Visitor: 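Shown below is the structure under consideration.
Not measured: the values here are computed from a predicted model. Below, read A as the first sequence line, B as the second, and so on, with proteins coming before strands; counting in each chain starts at 1.
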Amino acid sequence: MKRYNPSEIEPKWQKIWQNDGRYVADDADTDKDKFYISPMFPYPSGAGMHVGHAFEHAIVDATARFQRAHGKNVLNPMGWDAFGLPAENYAIKTGTPPQVATQQNIANFKQQLARMGSSIDWSREINTTDPEYYKWTQWIFTKLFERGLAYQKESAQWWCPVDKTVLANEQVEGGKCWRCDSVVVKKSMKQWFFKITEYADELLEGLDEIDWPEHIKTAQRNWIGKSMGATIQFDVNEHDEFITVFSTRPDTIFGATFLVLAPEHPLVDSIATKDRRDVVKDYVLAATRKSEIERMSEAKEKTGVFTGAYAHNPATGEPMEVWVADYVLWGYGTGAIMAVPAHDERDYEFATAFDLPIKSVIEKPDDNPSSNYVYSGEGILVNSGAFDGESSSDARENIVAWLEENDRGTQTTTYKMRDWLVSRQRYWGAPIPIIHCASHGAVAVPEADLPVVLPQVDDYAPKGEGGSVLADEKTWVSTTCPTCGEPALRETDTMDGYACSSWYLLRYTDPNNTEQAFSSERVNAWAPVDMYIGGDHAVAHLLYVRFWTRALNDMGLVDFKEPVSRLVYHGYVNANDGTKMSKSKGNVVDPLEIIDQGYGADALKTYLLFMGPVDDDSAWDSNGVAGVYRFLNRVWTLTQEFHNAIKLDELPTDSELRRLTHKTIKRVTLDIHRLSFNTAIAALMELTNDLYKLKTDGFSEEWRDTLKIVSQLLQPVAPHISAEMWQQLHNGDIGETDAITMLDFTQWPTWEESLIQDEEMTIIVQVNGKLRAKLRTPVATPADVILQMAREDVAVAKHLTGEIKKEIYIPGKLVNIVC
RNA sequence: GCGCGGGUGGUGGAAUUGGUAGACACGAGGGACUUAAAAUCCCUUGCCCAUUAAACGGCGUGCGAGUUCGAUUCUCGCUCCGCGCACCA
């Protein structure tokens, strides 16, 4: 009897999969429905794949194989998000050019993936650092530039002093750099931006149309942060100036008792009275010198100073002190607020700290249990002149209308989202395709001159003063203006790596096109992605890719607005103790190690999918791999026993065998369909356990069908053992290639509902909702007979203490007797 | 603080629209096979009570209430954990 030996069979099938191009997606095949699936392409780090990658690929591969077996034309591509800091920092340390290290890392990843037995279409491999790829990233940049969606602006931005580059808001996590965890600072520089804010509303509305996890949608909604409200003008007394504030609660304007400006607000300087000028200056200086992180951590302590200036409330006509305080942020709204201490927690805190007037204008509803002094909810207006008695929502409209009539304000919408800062002062990225000309300003590099190839340099270390090392490449930098031909200089900043990953899903559909980024025909045929799988980037990448797609749609290059129809967001694979795997703790599990221990790729993938639901975090348990290996071994042994046994024509247990088989087809099919791999695998384990009981009666020919179906059902998660079994079950009459072609593309087994039905049913009998007995009766037993049986059952009768008040019968399932 | 998830045995986790709680697996215990071990196969395994033998016993899905014949599932309140955002006006 042949033993189950993954280290023997797995390389054999992997070789065939790799060599015969069977997983190359057919662009011309329009008979089949397409199914486009992709993982979030990885950064090819020097550390190689870890089990988290393996988990992701197990999900992708199982789904791809499942869909392929359902007759879909499957596109399952792979690529490398290869620009980025680790390779560059490695270059600074060792002198190895990032180009070289990246190639090595990719080769390593590919080797690892091959050993996982993935059904990837390698003919579409993408590498963002390949000039043939970033040529088109640059081309899209120039298109965005033409439309005003890429622009340059001098402004204060997040700067990482360690990585010596600016960062996008999305790359600052809790005031720290997402890459190196150092505290970031604000620095004023001229930078390139993508105008994502122009798409704020569209990006918000588009969320309603896509099948993405709710928490991701919520994260994006919060990030975009749309608020409806009003901008209101307050005249400053004795000045020809007014202060514009933004408020979501114009209904509380009668309760606005003072104004607060952000320290960066330009009016602070001009309106401060002589006697207050020094105090104000000191405060502003101190506030702006404080890092954002300090301002955040000191959040609870309100500080501020009076400017000496007064404004007045347009609604009440009453005077209002104008203060400066750092709890008002310059970056949001207008950088100034009307303070309504009675109905806003922060304003209340500030008012009590500095003894400013508090005036209640919204009546707290009687049923509101909050005992706070501040009531920030909605209610009925009081102390609000003509608006008394109106509800907050009515008053909001009416007060804004009144402000508009009197030129004192307008309805306004604001967003928290800022434009996407894309320039980076680092080497290892796609050069921004812009030429700066003395007479024409920033000019896009014409398509014919693309790509702007990243030059080889000697020293990769960033200089730190606002430019990348490319600035030192004098011959590269000096060029001529595409418009006038005069000497001009190249832009030396590179693009954020997120730019490169914002359109790769589109490039996969036409990856070798040298004339275009992609042909419309191809991209519209394959995209949008039917299933996109990842476990990272809730906002950044997943927002950017939506933004670019919408911009490309507006350019007429793609005819869809959302790039990803369905997003599957998987959990993390944690270490045994539930904590994150990390190099420093030495608890990182290497997938190859598991394979090499003899468990094989099939057991590894099956285990990863068996651990729990795909969207849950899970804890790695090496005993679990052993358990799944044991299961595969049992399936294997069963096949061998069948193969060697003398088959009987027929067995009395055949109908039971058929019933179990069809029941399992149904369960596995529906489970994989809803990505519930863990229960699908459990169903196959149950069937296997049942088969071990049935086999004591011997094997009939009927078993061949069952075992073939088992290998088909197992194929998505454990493709190697399935292929081997499949071939064997054809008595070796077919070759390897035919065997897997059959397995890959043969129609997925279907179940017959009639075969699943048992002749008997189990009726649960409850008394007062408590289980007291189970009845086995023929399926057709009428209700009154069942009720009779239920009442007469010994275990039930014992609990029927009083008069029967009610009897509930759910046909075929349950009886509940109430007494 | 706000938003989003979640709390089920020793562990990971099952449980279509409310209808047998704990599938499947790990771990643990016992047995078979073996000179022995590994591997394999079989049995037991939520807790408590009872036990010479015997379940037709009680409790049980974070806590407390509610709706219902019936709640892990629905409603309300509380609590704890995880994640995201965070002085966003």
Side-chain angles (χ1 to χ4, degrees), chain A residues 3 173-175 213-223 225-227 229 245-249 252 260 262 295-296 298-302 325-329 331-340 343-347 349-350 369 376 414-417 538-539 571-572 576 578 607 610-613 615-628 630-631 633-634 637 670 674 676 678-686 688-689 692-693 762-774 793-799 805-808 810 813-819:
Chain A
R3 282 200 45 181
E173 295 165 352
E214 211 44 54
H215 70 279
I216 303 289
K217 290 190 186 186
T218 309
Q220 295 208 353
R221 284 191 191 104
N222 292 344
W223 187 262
K226 182 176 183 171
S227 303
V245 308
F246 172 74
S247 173
T248 54
R249 294 294 300 276
T252 63
V260 187
R295 269 167 83 165
M296 276 182 225
E298 292 167 11
K300 295 298 151 238
E301 288 291 308
K302 291 276 183 294
D326 66 2
Y327 84 93
V328 175
L329 306 177
Y332 180 75
T334 61
I337 60 153
M338 62 176 203
V340 186
H343 306 292
D344 181 283
E345 302 258 0
R346 297 150 301 178
D347 297 344
E349 246 179 78
F350 194 79
S376 54
T414 64
Y415 302 88
K416 288 185 202 166
M417 184 169 67
V539 281
Y572 280 105
N576 208 343
Y607 171 61
F610 182 61
M611 287 169 87
D615 45 2
D616 279 10
D617 288 351
S618 50
W620 178 264
D621 177 7
S622 50
N623 287 322
V625 191
V628 167
R630 211 168 292 151
F631 156 64
N633 212 342
R634 276 162 72 81
T637 304
L670 297 180
R674 60 187 175 103
S676 181
N678 55 332
T679 53
I681 293 162
L684 283 162
M685 287 174 169
E686 271 183 70
T688 306
N689 293 343
Y692 265 71
K693 292 192 180 97
T762 304
I763 303 290
I764 302 306
V765 185
Q766 297 177 333
V767 178
N768 293 330
K770 279 209 163 70
L771 171 72
R772 294 301 174 187
K774 296 177 189 181
D793 188 278
V794 198
V796 174
K798 197 178 157 190
H799 290 92
K805 297 197 185 96
K806 202 169 178 181
E807 282 175 328
I808 287 138
I810 311 290
K813 273 196 169 167
L814 160 147
V815 174
N816 190 13
I817 303 173
V818 185
C819 64

Visitor: By salt bridge (Lys or Arg N to Asp or Glu O under 4.0 Å), which residues pair with A:Arg249, not counting sequence neighbours?
Guide: A:Asp251
Visitor: Sugar-phosphate means primed atoms, P, OP1 and OP2; the rest is base. With that split, encode nucleotides 8-20 of chain B 5' to 3' as B, S or - using protein heavy atoms under 4.0 Å.
Guide: ----BSSS-B-BB
Visitor: Once salt bridge (Lys or Arg N to Asp or Glu O under 4.0 Å) is applied, do any residues pair with A:Lys693, and if so which ones, sequence neighbours excluded?
Guide: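 Salt bridge (Lys or Arg N to Asp or Glu O under 4.0 Å) check on A:Lys693 returns nothing, list empty.
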Visitor: Just to verify, what does A:Tyr607 make a ring pair (Phe, Tyr, Trp, His ring centres under 6.0 Å) with, not counting sequence neighbours?
Guide: A:Trp620
Visitor: Does A:Lys805 get its side chain close enough to the base of B:C69, under 3.5 Å, for a donor-acceptor pair?
Guide: no
Visitor: Tell me what A:Gly627 touches on the nucleic acid: a base, only sugar-phosphate, or nothing, going by heavy atoms under 4.0 Å.
Guide: sugar-phosphate
Visitor: On the nucleotide B:A89, are OP1 or OP2 found under 4.0 Å from the side-chain N or O atoms that A:Tyr332 carries?
Guide: yes
Visitor: Are any of A:Arg772's side-chain N or O atoms less than 4.0 Å away from OP1 or OP2 of B:G70?
Guide: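 So the side-chain polar atoms of A:Arg772 never come under 4.0 Å of the phosphate oxygens OP1 or OP2 of B:G70.
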Visitor: For B:A89, does either OP1 or OP2 sit under 4.0 Å from a side-chain N or O belonging to A:Ser227?
Guide: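 For B:A89, OP1/OP2 do have a side-chain N/O of A:Ser227 under 4.0 Å.
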Visitor: Test of understanding: with salt bridge (Lys or Arg N to Asp or Glu O under 4.0 Å), list the residues that count as partners of A:Arg3, not counting sequence neighbours.
Guide: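 Result, salt bridge (Lys or Arg N to Asp or Glu O under 4.0 Å) vs A:Arg3: none returned.
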Visitor: How many whole angstroms separate atom CD of A:Glu345 from atom P of B:C87?
Guide: 15 Å
Visitor: For RNA chain B, what dot-bracket results from Watson-Crick or G-U pairs at under 3.5 Å, with [ ] for crossers and | for inter-strand partners?
Guide: (((((((..(((......[....)))((((((.......))))))(((........)))..(((((..]....))))))))))))....
Visitor: Using nucleotides 59-63 of chain B, report all nitrogen or oxygen pairs with the protein that are shorter than 3.5 Å.
Guide:
none

Visitor: Quick one: side chain to side chain contact (heavy atoms under 4.5 Å, CB included) partners of A:Glu686, sequence neighbours excluded?
Guide: A:Arg667
Visitor: Whole angstroms only, please: what is the CZ-P distance between A:Phe631 and B:A23?
Guide: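 In whole Å, B:A23 P and A:Phe631 CZ are 17 Å from each other.
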Visitor: Atom CG of A:Asn633 and atom C1' of B:A38: how far apart are they, to the nearest Å?
Guide: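 About 14 Å, once rounded to whole Å.
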Visitor: Got a sec, which residues hit ring pair (Phe, Tyr, Trp, His ring centres under 6.0 Å) with A:Tyr332, two or more places apart in sequence or on another chain?
Guide: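 A:Tyr332 satisfies ring pair (Phe, Tyr, Trp, His ring centres under 6.0 Å) with no residue once adjacent residues are dropped.
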Visitor: Looking at A:Asn768, does any N or O in its side chain come under 4.0 Å of the phosphate oxygens OP1/OP2 on B:C69?
Guide: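 No, because none of the side-chain N or O atoms of A:Asn768 sits under 4.0 Å from OP1 or OP2 of B:C69.
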Visitor: Return the set of residues passing side chain to side chain contact (heavy atoms under 4.5 Å, CB included) with A:Ala680 (not counting sequence neighbours), or none when no residue passes.
Guide: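 Applying side chain to side chain contact (heavy atoms under 4.5 Å, CB included) to A:Ala680 gives A:Val668, A:Asp671, A:Ile672.
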Visitor: Find every protein N or O atom lying less than 3.5 Å from an N or O atom of nucleotides 41-43 of chain B, and list the pairs.
Guide:
residue: B:C41; atom: OP1; partner: A:Arg634; partner atom: NH1; Å: 2.9
residue: B:C42; atom: OP2; partner: A:Arg634; partner atom: NH1; Å: 3.4

Visitor: Please confirm whether A:Lys302 makes a cation-pi placement over A:Phe350, using NZ or CZ under 6.0 Å from the six-membered ring centre and within 45° of the ring normal.
Guide: no
Visitor: Residues in salt bridge (Lys or Arg N to Asp or Glu O under 4.0 Å) with A:Asp347, at least two apart?
Guide: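 A:Asp347: no salt bridge (Lys or Arg N to Asp or Glu O under 4.0 Å) contacts found.
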